A.B. asks: 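One structure, as structure tokens, below. Some questions next.
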Amino acid sequence: MKTIILNASPRKNWNTAQLLKEAKKGAESVGDEVEYIDLYDLKFSGCRSCLACKRAGIENPCQCFWKDDLTQVLNRIWESDRLITGSPIYFSDPTAGFRALIERLIFPALSYNDYSCVFKGKVDVDVFLTMNATKEHYDAAYDARMKEYLAPLRFLNGQTRIFPVCDTLQVADYSKYEMRGFSEEHKKARHEKEFPAALKLAFNVGAGIE
Ligand SMILES: Cc1cc2nc3c(=O)[nH]c(=O)nc-3n(C[C@H](O)[C@H](O)[C@H](O)COP(=O)(O)O)c2cc1C
């Protein structure tokens with residue numbers, strides 16, 4: 001099984017990345033062919049509306065003709081069995097990089113003749129969302145919003161699962177930042193108590209046993 005793991009957090013070793021690295025270990029433990037990519041290492045933009053994927057008569061419309069660092073990543077996702085990705089929540093949505101990925105990945109799969117799906121493969125998608133918000137706030141304010149936000153992923157023809165990881169630790173030492181709106185004591189206690197279970201969940205997702 002081919003699994004692509006894509007970190008849509010700009011931070012390469014924090015909450016989102018740590019979860020995705022566990023998912024990678026899980027996927028490797030069951031013999032998957034795994035590729036791990038830090039999205040923010042790449043130079044790319046969102047959809048440029050060049051509409052090349054909608055040109056009449058093209059042989060394979062399900063490709064992004066705009067050439068930048070994302071092009072090959074998109075091709076590899078369409079050829080994979082599984083995409084495991086993750087993003088922090090920024091201002092109530094996933095990151096700008098994640099949005100750009102969705103635009104570039106899904107627009108070529110969407111027919112502008114009849115809104116059907118032109119992608120003929122199947123890619124299951126697991127999305128880890130990390131955030132400051134509590135689980136209660138996620139359920140009340142973000143859950144429905146994220147389901148709608150991620151709905152275009154149905155054009156990959158597989159299942160989409162969302163795993164929220166809430167009330168994350170933002171920095172190692174709060175005394176070095178103007179962040180008095182947060183309690184370091186609470187954040188650290190919560191991190192020690194809850195984050196290991198999230199890492200285990202991520203491993204199991206990677207291993208396909210969750
Ligand atoms: C620009 C910015 C905006 C943020 N906006 C939100 C938000 O709207 N809701 C929320 O719950 N957390 C918000 N956060 C917090 C992050 O989602 C949270 O700390 C996340 O776990 C960071 O992921 P990382 O550790 O992988 O970088 C924001 C953080 C940043 C830097």
Side-chain angles (χ1 to χ4, degrees), residues 3-27 34-46 69-70 73 77 83-103 105 125-151 153 160-206 210:
T3 299
I4 307 276
I5 303 185
L6 203 57
N7 174 26
S9 170
R11 299 203 290 180
K12 290 204 253 184
N13 287 306
W14 273 83
N15 299 282
T16 314
Q18 286 174 31
L19 292 163
L20 293 173
K21 284 173 188 174
E22 282 304 302
K24 177 174 184 278
K25 283 185 206 159
V34 187
E35 187 175 2
Y36 185 101
I37 300 161
D38 279 307
L39 197 60
Y40 277 80
D41 274 352
L42 310 178
K43 288 202 173 13
F44 63 95
S45 72
D69 288 356
L70 200 59
V73 176
I77 293 172
L83 169 65
I84 303 177
T85 183
S87 172
I89 296 294
Y90 284 0
F91 300 107
S92 305
D93 281 327
T95 58
F98 188 88
R99 180 73 207 177
L101 169 78
I102 296 272
E103 289 175 6
L105 186 65
V125 187
D126 291 321
V127 186
F128 287 88
L129 295 173
T130 75
M131 67 206 80
N132 276 332
T134 61
K135 181 67 169 54
E136 291 70 33
H137 186 77
Y138 178 86
D139 289 341
Y142 290 166
D143 181 60
R145 183 184 174 96
M146 289 306 120
K147 283 179 184 145
E148 194 179 333
Y149 188 98
L150 297 168
L153 290 167
T160 301
R161 299 189 299 174
I162 306 171
F163 299 97
V165 177
C166 298
D167 206 355
T168 53
L169 186 71
Q170 298 129 305
V171 292
D173 183 352
Y174 281 70
S175 71
K176 293 188 174 149
Y177 298 88
E178 296 291 350
M179 290 173 65
R180 286 189 295 275
F182 298 96
S183 155
E184 175 166 13
E185 197 187 349
H186 164 80
K187 284 286 191 186
K188 287 200 162 156
R190 160 106 197 155
H191 184 75
E192 273 167 36
K193 190 161 170 260
E194 307 288 345
F195 202 65
L199 292 172
K200 188 156 187 254
L201 172 72
F203 181 95
N204 288 343
V205 166
E210 186 66 50

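Please read these numbers as outputs of a predicted model, since none were measured by experiment. Counting convention: from 1, in listed order, for ligands and their atoms alike.
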A.B. asks: OG1 of Thr168 to CG of Asn15: how many Å apart, nearest 0.5 Å?
C.D. replies: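 Thr168 atom OG1 to Asn15 atom CG measures 4.5 Å (nearest 0.5 Å).
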A.B. asks: Just how far is it from atom OH of Tyr138 to atom CG of Asp143, taken to the nearest 0.5 Å?
C.D. replies: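 These two atoms lie 5.0 Å from each other.
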A.B. asks: Roughly how far, to the nearest 0.5 Å, is CG of Asp173 from CE of Met179?
C.D. replies: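 Atom-to-atom, Met179:CE and Asp173:CG are 11.0 Å apart.
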A.B. asks: Within the 4.5 Å heavy-atom criterion, are Ile162 and Leu150 side-chain neighbours or not?
C.D. replies: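 Ile162 reaches Leu150 side chain to side chain.
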A.B. asks: Under a 3.5 Å cutoff, is there a donor and acceptor pairing between the side chains of Asn132 and Gln170?
C.D. replies: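 Judged by distance alone, the side chains do pair up.
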A.B. asks: Under a strict 4.0 Å criterion on non-hydrogen atoms, which protein residues are in contact with ligand 1?
C.D. replies: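 Answer by chain and number: Ser9, Arg11, Trp14, Asn15, Thr16, Pro88, Ile89, Tyr90, Phe91, Ser92, Thr130, Met131, Asn132, Ala133, Tyr142, Thr168, Gln170.
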A.B. asks: Would you please classify the geometry between the Phe128 ring and the Phe163 ring as parallel, tilted or perpendicular, with 30° and 60° separating the classes?
C.D. replies: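 The arrangement is parallel - the two ring planes meet at less than 30°.
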